[in-house]
Amino acid sequence: MSPHRVLALADDLSGAAETAMALRLPSRIVLGAPAGGLRAEGGSAALPTAGESVVVDLDSRQLPAARAARSVRAAVAAGASHATVLFKKVDSLLRGNLAAETAAYAAGARGVVIAPALPVAGRTVLGGVVHLRGVPLHTTDAWRAEGRPPPRSVSHALLGVPTALVPLSVVRGGALAGQLRACFAQGQHPVCDAETDEDLNLIAGAAHELGPDVRMLGTGGLAAALGRRLAPDPQTTTHRPNGTARRPLLVVVGTAEPTAAEQIARLTAVGARHVPLSPGELTSSPAGRLDITPHGITVVSLTGPVSPASSRELVTALASAVAGVAGDSDLVLTGGETARRVLDALRITQLRPVAEIHHGAVHSHAPDGRSVVTRPGSFGEADSLSRIAQALRPERPHPAPVHSVRSRLQGEVL
C-alpha cells in the first residue's frame with residue numbers, strides 16, 4: 001500500500017472525477033466540503049487515509065472570485081496538515097476563477113508548480129501559452145460560452161499571482177528542480193511548458209522531490225503524472241464494471257459543445273430515445289414531468305441558443321427536471337456543472353470512481369448503488385456517448401436505428 005495521503009481540490013465535478021482516476025490510488029470524490037470542514041474517517045466527508053486520495057469538488061467554477069477563494073482556503077486549512085500531497089485541478093482551457101483560487105491555494109506554501117497542459121486532449125503549453133492542437137487558445141472559439149475573451153497566456157489568466165515561465169528546454173534539460181527552487185527564492189510560482197506526458201512526468205517528479213510544502217496545480221495530465229509517481233502499480237479497479245441492466249440508463253447532456261449533437265445522434269442510432277428541451281420549454285414547463293424509457297436508454301439534452309448569462313439557471317432547471325424522473329437510473333452526465341446540479345438534486349454527496357471508459361469519462365458508484373458516469377463537456381469524440389452506453393450495457397443488443405421521439409409535458413409535445 002502506498003503511504004501517501006492525497007488531498008486534491010477541483011472546481012467542478014467532471015474534473016474531480018478525472019483527477020480521482022488519474023491519481024491511481026483508491027479514491028473518494030466528495031461533493032463539496034460540509035460546513036464543519038473535512039473530517040477524519042467516519043465523518044460524512046473524510047480526510048484521506050494512508051494509500052488513499054480524497055478529491056473535493058468545490059463547485060466553484062461559476063462562483064464569484066472571492067467566494068471561490070474562500071472555498072479553497074477553507075479546504076486547504078482543513079486538510080493540508082493531514083495530507084502528504086496536495087493537488088489543485090484546473091481547467092485545461094483556463095476557465096473559472098483561476099487567479100483567485102491559485103492565490104488562495106498558494107497561501108502558506110513554499111511555492112506552487114503550475115502545469116496546465118493536457119497532451120492526451122491535444123492541449124499543450126509553449127512559451128507560457130496554452131495551445132489547442134497547435135493553435136493558441138486566445139485565437140480559438142473555445143471560450144464561446146464564457147461571455148468574455150480567453151487569456152493570452154497562463155500568466156495573464158493568473159493576473160495578480162507572481163509567476164515565472166519555465167520553458168520547455170529547462171523542463172527537459174535535467175536541472176528542473178534547481179530552476180523551481182530559484183523561482184521560489186524570488187517569490188514566484190513557476191509556470192511550466194509541456195508538450196507530452198513525459199514532460200509532465202518530469203515536472204511532477206521535480207515538484208514532488210522538493211517536499212510537501214511545494215504544491216502542484218494543473219490538469220488531469222499533471223494528476224496522472226503524479227499518480228504514476230505515487231503508485232507505479234495502479235491500485236484502482238482496472239476492469240470495467242457494468243451498470244445494473246435492470247436499471248434505466250439516463251443520459252443528460254448539458255454542454256453547448258458542437259460535438260454534442262453528433263454524440264447524441266450516434267447514441268440514438270443504436271436505439272436510445274432522445275428528449276430535446278429548448279430553453280423556453282425547460283423554464284416554462286413544470287419540473288418532474290419528463291418520462292424515461294424503463295428498461296432502455298433515454299438521452300435528455302438542452303437545445304437551441306443559450307446565452308452565457310442564463311446558462312447556470314438553465315442547467316439548474318434541467319437538473320431539477322431530470323432528477324424528478326431519474327428514480328434509480330444509472331446516470332451519464334456530461335459537463336461538470338450539469339453533473340453537479342443533477343447529483344445535488346438527487347442528494348448524492350460522494351462517489352467512488354471505479355474505471356475510466358475513455359479519457360475523462362469516469363465510471364463511479366454512488367452510495368445508493370447506481371452507476372454514475374461523468375465527463376467534461378469538451379471531451380470525447382463523436383462516439384463518446386455510445387462507447388459509454390456500451391460499457392455500461394455490454395449485454396444490450398443494438399437494435400436498428402430509431403427516430404428521436406419527444407416527451408410530453410402536461411399534454412404539450414416538446
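Both backbone and side-chain heavy atoms feed into the values below; hydrogens, waters and symmetry mates do not.
- Taken to the nearest 0.5 Å, the OG1 atom of T259 stands 11.0 Å off from the CG atom of D383.
- R375 and Q263 form a side-chain donor-acceptor contact under 3.5 Å, judged by distance and modelled atom types alone.
- Under 3.5 Å, the side chains of S92 and R123 contain a donor-acceptor pair of N or O atoms.
- In this structure, the side chain of T219 engages the main chain of A117 through a donor-acceptor pair within 3.5 Å.
- You'll find the side chain of V55 stays beyond 4.5 Å of the side chain of K89, heavy atoms only.
- Here the side chain of D368 pairs no donor or acceptor atom with the backbone of D328 at under 3.5 angstrom.
- Of all heavy-atom pairs spanning L86 and A80, the tightest one is CD1-CA, 3.9 Å.
- Under a 3.5 Å cut-off, the side chain of H82 and the backbone N or O of P48 do form a donor-acceptor pair.
- Interatomic distance, CG of L331 versus CD1 of I348, reported as 6.5 Å (0.5 Å rounding).
- V112 is not listed as a side-chain neighbour of V161, based on a closest heavy-atom distance of 4.5 Å or more.
- From R110, atom CZ reaches atom CZ of R215 across 13.0 Å, with rounding to the nearest 0.5 Å.
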request  = Take L158 and I114, measure what side chain to side chain contact (heavy atoms under 4.5 Å, CB included) needs, and give me the verdict at the end.
outcome  = CA-CA 10 Å; L158 292 169; I114 302 164; 3.8 Å; yes
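- A salt bridge links D59 with R341: the distance from a Lys NZ or Arg NE/NH1/NH2 to an Asp or Glu carboxylate oxygen falls below 4.0 Å.
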key: Stepwise side chain to side chain contact (heavy atoms under 4.5 Å, CB included) check, I388 with H358   = CA-CA 8 Å; I388 293 168; H358 66 66; 4.3 Å; yes
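- In this structure, the side chain of D199 does not engage the main chain of L168 through any donor-acceptor pair within 3.5 Å.
- Counting heavy atoms from C-beta on, the side chains of L230 and V6 come closer than 4.5 Å.
- Here the shortest heavy-atom pairing between L47 and G79 reads CD2-CA, 3.8 Å.
- The closest donor-acceptor contact from the side chain of W143 to the backbone of L137 lies at 3.5 Å or more, if one exists at all.
- G336 and L13 make their closest contact through O-CB, 4.0 Å (heavy atoms, listed as atom of the first residue, atom of the second, distance).
- Rounded to the nearest 0.5 angstrom, E52 CD and L23 CG are separated by 11.5 Å.
- With respect to R247 and D330, a salt bridge is recorded, a charged nitrogen being found less than 4.0 Å from a carboxylate O.
- Taking all atoms of both residues into account, the shortest heavy-atom contact from A75 to L58 is CB-CD2, 4.1 Å.
- Note on R340 versus D12: no salt bridge recorded, every NZ/NE/NH1/NH2 to OD/OE distance being 4.0 Å or above.
- Under a 4.0 Å N-O distance rule, the pair E337/R61 does not qualify as a salt bridge.
- Of all heavy-atom pairs between A345 and A319, the closest is CB-O, 4.2 Å.
- Residues L98 and V90 form a side-chain contact, since some pair of their non-hydrogen atoms from C-beta on lies under 4.5 Å apart.
- Contact annotation: the side chain of I292 never approaches that of V275 to less than 4.5 Å [non-hydrogen atoms, C-beta and beyond].
- Every residue two or more places apart in sequence or in another chain was checked for a side-chain contact (heavy atoms from CB on, under 4.5 Å) with R347, and none qualifies.
- By the side chain to side chain donor-acceptor pair (under 3.5 Å) test, R229 pairs with H208, E209, sequence neighbours left out.
- Atom-to-atom distance recorded for L176:CG and C192:SG is 5.5 Å, nearest 0.5 angstrom.
- Under the 3.5 Å distance criterion, the side-chain polar atoms of T19 are matched with a main-chain donor or acceptor of G15.
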I264/L385 under side chain to side chain contact (heavy atoms under 4.5 Å, CB included): CA gap, chis, key distance, verdict = CA-CA 7 Å; I264 293 170; L385 295 180; 4.2 Å; yes
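- The number of heavy-atom neighbours closer than 6.0 Å to CD of E262, taken from other residues, nucleotides and ligands shown, is above 12.
- Contact record, A99 with A157: CB-O, 3.5 Å, taken as the closest heavy-atom pair.
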inquiry  = Go through it in stages, so that I can follow the logic: the residues are I203 and V171, the test is side chain to side chain contact (heavy atoms under 4.5 Å, CB included), and I'd like the CA-CA distance, side-chain angles, deciding distance and then a yes or no.
reply    = CA-CA 7 Å; I203 295 164; V171 169; 4.0 Å; yes
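- Taking the side chain as every heavy atom from C-beta outward, V72 and N97 never approach each other to under 4.5 Å.
- With hydrogens and angles ignored, the 3.5 Å screen pairs a side-chain donor or acceptor of S153 with a backbone N or O of H156.
- Contact annotation: the side chain of L392 approaches that of V332 to within less than 4.5 Å [non-hydrogen atoms, C-beta and beyond].
- At a cut-off of 3.5 Å, with distance as the only test, a side-chain donor of S53 or S27 sits close to an acceptor on the other residue.
- In this structure the side chain of L94 reaches within 4.5 angstrom of the side chain of P116, judged on heavy atoms.
- No side-chain donor-acceptor contact under 3.5 Å links H274 to the backbone of A272.
- Looking at R352, its side chain never comes within 3.5 Å of a backbone N or O of H365 through a donor-acceptor pair.
- Rounding to the nearest 0.5 Å gives a distance of 11.5 Å between CD1 of I297 and OG of S329.
- In terms of modelled atom types and a separation under 3.5 Å, the side chain of S14 and the main chain of T374 share no donor-acceptor contact.
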